[in-house]
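Here the structure is a predicted model, which means the values were calculated and not measured.
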Amino acid sequence: MVGSGFDRPDVYAVSDCTGRMIERVLVPMDESETAERALRHALEAHPGAEITVLHVVGEPSGMMGAAAGLALEDDAEQAGEEAADDLFSRAEKIAAEYDATVETEVGWGSPAKEIVRLAEGVDVLVIGAHTGGVAQRLFVGNVAKSIVQNSPVPVTVVH
């Protein structure tokens, strides 16, 4: 076990409670500060693990302007990857501060569903607690809560 996390007020849980070695970590990221803190935590708590930074491009809807805009592109997949480039560059710079590297991946669809689906191939998820304000959580739902409830692997939630 890496640690209890109780000495850190920004972390709810830290590691796989089975005591097994964490080899693969998935860190879903958006533009939020909590997502950046989640990546930093993953790098600190799981040194040597293969860390994949995932950015999920949401399904187009009337409430998701950026996703709707991507759907109108000639090559939506390429446009989604280009939209994630800045975020991935930031993630790679953070990893470099820890003398580490990260893999990057773009997912498509409902963020919570895509994250849970991709969690099948990792040992632990490290996620930011929430993004956006109250209005966004009311309309879009609480992604972190859905992930914790449905994840097939342990989840570390970082504030």
Side-chain angles (χ1 to χ4, degrees), residues 2 5 10-16 21-61 63-71 73 75-132 136-137 140-159:
V2 175
D10 59 339
V11 177
Y12 290 120
V14 175
S15 69
D16 179 349
M21 186 69 165
I22 303 295
E23 296 177 3
R24 295 174 318 275
V25 179
L26 182 62
V27 182
M29 284 189 73
D30 56 15
E31 298 294 335
S32 70
E33 287 182 32
T34 58
E36 185 175 309
R37 285 194 297 272
L39 176 58
R40 289 182 183 282
H41 175 76
L43 290 160
E44 291 170 10
H46 308 293
E50 176 185 306
I51 296 177
T52 301
V53 172
L54 170 68
H55 179 65
V56 180
V57 178
E59 297 170 325
S61 76
M63 294 168 41
M64 297 176 64
L70 287 174
E73 295 286 337
D75 186 344
E77 187 171 326
Q78 180 180 351
E81 289 178 13
E82 288 173 5
D85 281 346
D86 288 340
L87 184 136
F88 290 154
S89 292
R90 195 171 93 226
E92 289 165 350
K93 286 179 187 175
I94 291 168
E97 294 173 19
Y98 294 85
D99 292 323
T101 59
V102 293
E103 299 295 319
T104 58
E105 185 171 342
V106 175
W108 293 88
S110 163
K113 288 179 184 176
E114 183 69 357
I115 292 164
V116 168
R117 183 183 74 77
L118 292 172
E120 298 276 343
V122 301
D123 299 313
V124 68
L125 282 170
V126 180
I127 62 174
H130 64 275
T131 61
Q136 182 181 10
R137 286 194 302 271
V140 179
N142 189 330
V143 173
K145 180 179 178 183
S146 179
I147 292 167
V148 168
Q149 290 175 333
N150 296 296
S151 176
V153 298
V155 180
T156 300
V157 181
V158 180
H159 260 281

Grab the two heavy atoms, one from Glu114 and one from Gly107, that are nearest each other, plus how far apart they are.
OE2-CA, 3.6 Å
Under the side-chain contact (heavy atoms from CB on, under 4.5 Å) rule, what do Glu92 and Thr104 come out as? Steps first, then yes or no, please.
CA-CA 9 Å; Glu92 289 165 350; Thr104 58; 4.0 Å; yes
Just verifying a value: how many Å separate Asn150 CG and Lys145 NZ, rounded to the nearest 0.5 Å?
11.0 Å
Report yes if some heavy atom in the side chain of Val102 is under 4.5 Å from a heavy atom in the side chain of Leu39; otherwise report no.
yes
4.5 Å side-chain heavy-atom contact, Met29 and Phe88
no
What are the two closest non-hydrogen atoms of Ala129 and Ala144, and how far apart are they?
O-CB, 3.0 Å
Could you give the distance from CZ (Arg117) to OG (Ser151), rounded to the nearest 0.5 Å?
13.5 Å
Please evaluate residues Arg24 and Thr52 with respect to the criterion side-chain contact (heavy atoms from CB on, under 4.5 Å), reporting the C-alpha separation (whole Å), side-chain torsions for both, the decisive distance (0.1 Å), and the verdict.
CA-CA 8 Å; Arg24 295 174 318 275; Thr52 301; over 6 Å; no
When rounded to the nearest 0.5 angstrom, what distance separates CD1 in Ile94 from CG in Leu43?
8.0 Å
Return the CD1 to CG distance between Ile127 and Asp30, rounded to the nearest 0.5 Å.
11.0 Å
Give the minimum heavy-atom separation between Met21 and Asp123, together with the two atoms involved.
O-OD2, 4.2 Å
Can you give me the closest heavy-atom contact between Val143 and Pro111, atom names plus distance?
CG1-CB, 4.4 Å
Lys113 side chain near Val56 side chain, heavy-atom distance below 4.5 Å:
no
Contact between Val53 and Leu87 at the side-chain level, heavy atoms closer than 4.5 Å - yes or no?
yes
Which atom pair, heavy atoms only, marks the closest approach of Ala119 to Val153?
O-CG1, 3.6 Å
Please report the interatomic distance NE2(His46) to NE2(His41), rounded to the nearest 0.5 Å.
5.0 Å
Under-4.0 Å salt bridge between Glu97 and Lys93:
no
Would you give the length of the straight line joining atom CD of Glu31 to atom CD of Glu36, rounded to the nearest 0.5 angstrom?
10.0 Å
For a quick test of reading the model, state the closest non-hydrogen atom pair linking Ser32 to Arg90 and the distance between them.
O-NH2, 3.8 Å
Does the side chain of Glu44 come within less than 4.5 Å of Tyr98's, by heavy atoms?
yes
Keeping the roles fixed (side chain from Arg37, backbone from His159), state whether a donor-acceptor pair exists under 3.5 Å.
yes
